[in-house]
Chemist: 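Quick one: the structure is below, and I'll ask about it shortly.
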Amino acid sequence: MNDKKKKPQKLKARLPRGFVDRSAADIRAVDGMVVKIREVYERYGFDPVETPLFEYTDALGKFLPDSDRPNEGVFSLKDDDEQWMSLRYDLTAPLARHVAENFNEIQLPYRTFRAGWVFRNEKPGPGRFRQFMQFDADTVGAAGVQADAEMCMMMADTMEALGLAGQFVVRVNNRKVFDGVLDGIGLAGDDNAGRRLTVLRAIDKLDKFGLEGVKLLLGEGRKDESGDFTKGAGLGPDQIASVLAYLAQDGYQPTSDLYAQGMSELDQIETLVRAAGYGDDRIKIDPSVIRGLEYYTGPVFEAELTFPVTNEKGESVVFGSVGGGGRYDGLVSRFMGQPVPATGFSIGVSRLMTALKNLGKLGQEEVLAPVVVCVMDRDIDSLGRYQRFTQALRHAGIRAEMYQGNKKNFGDQLKYADRRGAPLAIIQGGDEREQGVVQIKDLIEGKRLSGEIEDNATWREARVAQVSVPEAELVDKVREMLEAQKQDRDRAAG
């Protein structure tokens with residue numbers, strides 16, 4: 001019998017499918033973008049609110065559990081009181097719950113915004129993640145279409161604040177208009193609610209699959225390149241022809257009152273935005289806008305970027321939608337038993353960040369790496385002195401770190417500083433300490449000059465890009481050298 005203990009199996013590090021790790025550059029890019037979006041929302045008089053990542057599953061509306069465990073679209077678990085909770089699917093349903101729960105304390109109209117992560121328990125794919133960030137704005141308690149028009153204008157202003165003037169359009173339609181189309185082909189009534197939603201989701205794929213793809217989804221269904229089959233709405237040829245005729249705007253107009261009401265609301269929105277100076281190059285009435293979520297009850301809108309990008313197949317395509325929203329008068333009412341009108345829109349932060357980076361409009365701001373204070377001696381008095389230098393730089397608003405690694409070799413510490421992209425290294429050995437001075441090494445200039453010096457002797461003699469200053473002048477000299485480096489970069493970029 002082998003008494004040797006088996007070595008424990010090493011745990012494999014692996015990222016869950018549909019999730020991503022975020023780099024420092026991406027985090028800073030999103031932070032910069034969120035600041036600009038927030039400034040627009042604040043200017044319109046909206047205030048922030050925050051809701052938790054988890055909600056009771058029944059609060060999320062269409063994701064009510066229909067079996068032992070809810071798994072359609074949401075990640076769920078049971079609380080200790082046997083109630084199902086789910087990670088939020090979007091930021092709208094949690095807001096509806098928040099408004100209903102605090103209705104007596106909230107001042108209507110309630111104008112609010114919030115940014116946060118949302119989670120989709122769906123099959124991941126290229127550009128399709130299970131966790132992503134949204135940034136929403138909503139007005140609750142305003143029934144007039146002027147609130148919808150304001151949302152469209154705020155969305156346009158947000159795109160322009162992000163540097164996208166002339167490269168976007170906010171497209172507007174009305175769900176009442178399309179519900180009138182569906183009434184006209186025999187899909188009215190509660191019995192057809194499921195088929196109507198399938199039709200809406202098919203139309204919502206128009207920009208992705210084109211008219212032929214939508215036609216398949218309106219009929220028996222569509223098979224994608226991987227072989228996966230999406231069941232269609234099962235419409236007949238005449239019904240499909242009517243829907244496609246509406247989308248093509250070839251004169252097909254249902255006679256239903258709902259259709260007429262929706263068209264009237266679109267006319268009012270167009271009048272309002274044009275009066276405020278927004279032409280159809282920024283806000284455009286477009287019958288192809290559907291929005292796939294079932295809770296929309298009136299105007300719906302999308303912000304679409306109009307510039308071309310190269311897709312995974314190397315094809316040039318329009319970037320497409322980066323946000324959207326609409327009126328959802330029934331969502332808060334589910335909790336209240338009384339009508340509570342609401343409208344809002346959501347920006348897909350991660351997708352918009354990708355677009356801005358492609359255009360070179362985001363992540364271009366330089367984040368200076370920290371100045372590195374080298375550790376030449378490791379006795380406690382010396383460490384205290386190095387820490388004092390580091391804190392003095394930090395208190396002056398300069399990024400700085402004292403070397404915390406195990407390497408005692410000075411050369412290895414400089415290699416570390418170089419890999420960090422540090423602009424300067426602060427050096428004080430025994431000789432400098434006795435003289436009350438510190439050495440400041442310009443790592444950027446040193447790297448440039450190193451190509452001009454051919455041998456080590458010349459290098460040591462030249463003490464490349466290194467200056468000595470009294471300890472009391474450390475901060476001022478570091479600031480001066482950093483400013484000189486910035487001017488060199490600006491000249492090189494100009």
Side-chain angles (χ1 to χ4, degrees), residues 23-25 27-28 31-32 35 363-494:
S23 68
I27 292 169
R28 290 186 178 116
D31 287 348
V35 166
Q364 305 302 307
E365 299 82 1
E366 184 180 30
V367 177
L368 197 63
V371 172
V372 172
V373 177
C374 295
V375 175
M376 310 299 290
D377 300 298
R378 293 177 179 265
D379 61 275
I380 195 66
D381 290 338
S382 296
L383 290 173
R385 187 176 294 105
Y386 301 141
Q387 193 67 68
R388 188 178 76 241
F389 297 156
T390 308
Q391 295 306 113
L393 292 168
R394 290 168 175 167
H395 293 157
I398 298 168
R399 288 192 78 196
E401 66 173 82
M402 185 175 85
Y403 180 73
Q404 300 288 357
N406 295 322
K407 299 286 188 181
K408 297 181 180 180
N409 183 287
F410 173 56
D412 287 336
Q413 294 190 40
L414 288 184
K415 287 178 183 177
Y416 167 82
D418 186 55
R419 287 193 298 269
R420 286 281 277 142
L424 305 171
I426 309 301
I427 305 158
Q428 187 189 64
D431 292 342
E432 287 88 3
R433 184 167 63 250
E434 290 181 4
Q435 299 170 37
V437 300
V438 292
Q439 300 287 337
I440 307 175
K441 187 173 184 61
D442 187 330
L443 298 175
I444 308 300
E445 180 69 2
K447 187 180 294 185
R448 185 187 71 79
L449 292 175
S450 64
E452 303 174 4
I453 297 177
E454 297 179 355
D455 58 80
N456 289 339
T458 308
W459 172 267
R460 287 191 296 271
E461 185 176 336
R463 295 178 66 82
V464 175
Q466 191 164 309
V467 297
S468 177
V469 299
E471 290 182 7
E473 298 176 16
L474 170 64
V475 170
D476 290 340
K477 188 62 178 178
V478 165
R479 188 181 282 119
E480 176 189 321
M481 294 174 72
L482 291 176
E483 178 59 30
Q485 288 180 350
K486 181 180 184 302
Q487 292 176 5
D488 289 342
R489 289 192 300 274
D490 290 345
R491 280 194 293 271

Chemist: Any idea which heavy atoms bring V372 and A422 closest together, and the distance?
Modeler: CG2-CB, 3.8 Å
Chemist: Measure the spacing between CZ of F389 and CD1 of I427 and express it to the nearest 0.5 Å.
Modeler: 12.0 Å
Chemist: Ignoring hydrogens and geometry, is there a side-chain-to-backbone donor-acceptor pair from Q413 to V375 under 3.5 Å?
Modeler: yes
Chemist: Test side chain to side chain contact (heavy atoms under 4.5 Å, CB included) on E432 and M376; report intermediate values, then the result.
Modeler: CA-CA 11 Å; E432 287 88 3; M376 310 299 290; over 6 Å; no
Chemist: Give, for atom CZ of R419 and atom CG of L414, the distance between the pair rounded to the nearest 0.5 Å.
Modeler: 11.0 Å
Chemist: Would you check if R433 and S382 make a side-chain contact, meaning some heavy-atom pair closer than 4.5 Å?
Modeler: yes
Chemist: Is E401 close to R420 at the side-chain level, that is, under 4.5 Å between some pair of heavy atoms?
Modeler: yes
Chemist: Given R491 and D488, is the salt bridge (Lys or Arg N to Asp or Glu O under 4.0 Å) satisfied, shown in steps?
Modeler: CA-CA 5 Å; R491 280 194 293 271; D488 289 342; 2.2 Å; yes
Chemist: Between the main-chain N or O of V437 and the side-chain N or O of Q428, is there a donor-acceptor pair closer than 3.5 Å?
Modeler: yes
Chemist: Checking Y386 side chain against I426 main chain: does a donor-acceptor pair fall under 3.5 Å?
Modeler: no
Chemist: Kindly indicate whether the side chain of K477, heavy atoms from C-beta on, has any atom under 4.5 Å from the side chain of V438.
Modeler: no
Chemist: Quick one: do Q391 and R394 satisfy side chain to side chain donor-acceptor pair (under 3.5 Å)? Show the steps, please.
Modeler: CA-CA 5 Å; Q391 295 306 113; R394 290 168 175 167; 2.5 Å; yes
Chemist: Just how far is it from atom CD of Q387 to atom CD1 of I380, taken to the nearest 0.5 Å?
Modeler: 10.0 Å
Chemist: Rounded to the nearest 0.5 Å, what separates atom CG in L393 from atom CZ in R479?
Modeler: 9.0 Å
Chemist: Are any of the side-chain heavy atoms of I444 and R489 separated by less than 4.5 Å?
Modeler: no
Chemist: Are any of the side-chain nitrogens in E483 or K486 under 4.0 Å away from the carboxylate oxygens of its partner?
Modeler: no
Chemist: Can a salt bridge be assigned to the pair K415 and D418 using a cut-off of 4.0 Å between side-chain N and carboxylate O?
Modeler: no
Chemist: Assess whether atom CD1 of I27 is packed by more than 12 heavy atoms of other residues, nucleotides or ligands within 6.0 Å.
Modeler: yes
Chemist: Would the distance check show the side chain of R399 and the main-chain N or O of L368 forming a donor-acceptor pair, the cut-off being under 3.5 Å?
Modeler: yes
Chemist: Hey, is the main chain of G411 close enough, under 3.5 Å, to the side chain of N409 for a donor-acceptor pair?
Modeler: yes
Chemist: For L482 and P423, work out which heavy atoms get closest and say how close.
Modeler: CD2-CG, 3.6 Å
Chemist: Quick one: pull up OG1 in T390 and NE2 in H395 and give me the separation to the nearest 0.5 Å.
Modeler: 10.5 Å
Chemist: Looking at CG of N406 and CG of D412, how far apart are the two atoms once the value is rounded to the nearest 0.5 Å?
Modeler: 11.5 Å
